[in-house]
Amino acid sequence: MVKEIKDNILYFDGCNTIELAKKYGTPLYVLSETAIVENCKEIRETFLNKYERTRAAYAGKAFLTLAMCKLIEREGLCLDVVSGGELYTAIKANFPGGKIEFNGNNKSIEELELAIDYNIGRIIVDGLDELDLIEKICKEKGKRTNILYRITPGVKSDSHDYIVTGKKDSKFGIPLDDEVIFPAVEQAINSPYINFLGFHFHVGSQLHNNESHLKALDTALKLIKDTKDKFNFVTPELNVGGGFGIKYTEGDNKKPYSYFLDPMMEKIEKFSEDLNITRPEIVIEPGRSIVGEAGITLYTVGTIKDIKGIRKYVSVDGGMTDNIRPALYQAKYEGIVANKAQEPKTDLVTISGKCCESGDILIKDIEVAPLERGDIFAIFSTGAYSYSMASNYNKNPFPATVLVREGKAEIIVKRQSYDHMIENEVVPKYLTK
Ligand code: LLP
């Protein structure tokens, strides 16, 4: 366990969190390398090494920095990017182009050009006109690009509506109507600029149940069969996305990767045998499950307001700017007073952020050791979709991120300064008089 309590203090991957807060300031994202390595190891042992011709592409949208690219490469994973900015980060980290996959429902021409120039491994095409754009760019550059089609499998999944992506009414993917998908497949198979590799789906995020993955898989396998019947084309690759849920609170029942992947692999292998085809290469795109529980955020407690008989608000020095998830998805978190980690939890409080929004509440009603100004409050499982969704609302600078491992800490993202925050701002001349 990377979380430990010693002498009334919370330690994270061997580091004293109070010392981290003192040295690097708060709010502070702390990321455990040991936890990330363990998660990657589980993927290797229970998926990549267990099944031949498989890949795992870490979904960078969960958390992506130069150092994270290096870790992911070292751990033997590929990388899924969804924007020019994520791709640029990967390029700057020298991430091997062939191991990058590019998702996204509205890739710009410039983003596609960057991807094609860097010879990335795969572009996951998300709309019909995207193929025309890629063909045009490849023609101009004398290149050929690997693509997959992201399909909309038309399944519902059990998660917050904002992070459910596989249902038919979605901005993601290509609908599976015969008159839409088959001409698109035919165009890709026959294009001199395209190496058509197959299909991709992603059903949703933070899932604890494998039903929607399995339903979507049935749909994808049927499409693979139809593609063979219609075009005599054996699909070389199938990407089944990410979405594997993690533990935010005691109520979350986190499942191992094998819970999702073994039944899918069984289905795929049987299907390939029945159809007498080589089983497609299978790719997964986990994001949250690799970094989510590997991260915590440290805050300093400021103003405390006890509204008698109603609620006790404990404000911290961050909030929706460094973690939008509670405000956006009503996401639930747990935490602890890091410098009073062994003291009885006798106070019921609400941990609120410092933004000018009533909805800027990080944790509503949590039992904690009695708090006072200056205490350090740690919120758990903030490694995914916190830093990557952070904002400068109210002109709050982005926190720093430290990577910790067995008692050692290294800064991987410096704290943003006020100057850095305003460096792109320009005052028109006529306003300076
Ligand atoms: N692949 C694709 C195509 C995706 O759209 C996503 C997530 C993933 C992989 C990775 O999913 P994961 O393994 O991390 O669940 N901001 C939201 C989550 C949005 C997820 C969007 N797509 C949140 O904070 O819950």
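What's counted below: heavy atoms across the whole structure, side chains too, no hydrogens, waters or symmetry copies. Every number for a ligand or one of its atoms is a count from 1 in the order of the listing. This one's a predicted model, so the numbers in the text were calculated from it and none came from an experiment.
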In terms of atom number and element, which parts of ligand 1 are under 4.0 angstrom from non-hydrogen atoms of Lys61?
-> 1 (N), 2 (C), 4 (C), 5 (O), 6 (C), 7 (C), 8 (C), 9 (C), 21 (C), 22 (N)
Check each heavy atom of Glu285 against ligand 1 and say whether those closer than 4.0 Å belong to the side chain, the backbone, both or neither.
-> both
Looking only at non-hydrogen atoms, the one of Tyr329, Phe172, Phe63 nearest atom 23 (C) of ligand 1 is Tyr329
Return a yes/no value for Gly243: is any of its N or O atoms, backbone included, closer than 3.5 angstrom to an N or O of ligand 1?
-> yes
Numbered atoms and elements of ligand 1 in range of Arg150, under 4.0 angstrom, heavy atoms | 3 (C)
Note: ligand 1 atoms sitting under 4.0 Å from heavy atoms of Met389 are 16 (N), 24 (O)
Does some non-hydrogen atom of Ser289 fall short of 4.0 Å from ligand 1?
-> no
Within 45° cone and under 6.0 Å: Lys255 NZ/CZ vs Phe260 ring = no
No-hydrogen, no-angle side-chain donor-acceptor test under 3.5 Å, Gln206 and Tyr329 | no
Test item: side-chain donor near acceptor, Asn323 and Tyr29, under 3.5 Å | no
Mind checking whether Ala59 contacts ligand 1 via backbone (N, CA, C, O), side chain (CB onward), both or neither, at a 4.0 Å heavy-atom cut-off?
-> side chain
Please work out whether any backbone atom (N, CA, C, O) or any side-chain heavy atom from C-beta onward of Arg288 is under 4.0 Å from ligand 1, and answer side chain, backbone, both or neither.
-> both
Of all the atoms in ligand 1, which lie at a distance below 4.0 Å from a heavy atom belonging to Gly287?
-> 12 (P), 13 (O), 14 (O)
All N/O donor-acceptor pairs, side-chain side in residues 403-414, below 3.5 Å, sequence neighbours left out:
{"from": "Arg405", "atom 1": "NH1", "to": "Glu33", "atom 2": "OE2", "distance (Å)": "2.8"}

Will you find, in the side chains of Asn119 and Lys143, an N or O donor that is under 3.5 Å from an N or O acceptor?
-> yes
Sub-3.5 Å N/O-N/O distance, His200 and ligand 1 = no
Once the angle between the rings of Phe244 and Tyr257 is folded into 0 to 90°, is it parallel (under 30°), tilted (30 to 60°) or perpendicular (over 60°)?
-> perpendicular
Atoms in ligand 1 with a heavy atom of Pro286 nearer than 4.0 Å | 13 (O)
For Lys230, the salt bridge (charged side-chain N to carboxylate O under 4.0 Å, His left out) test, sequence neighbours excluded, returns none
Does any donor atom in the side chain of Glu73 or Asn94 lie under 3.5 Å from an acceptor atom in the other side chain?
-> no
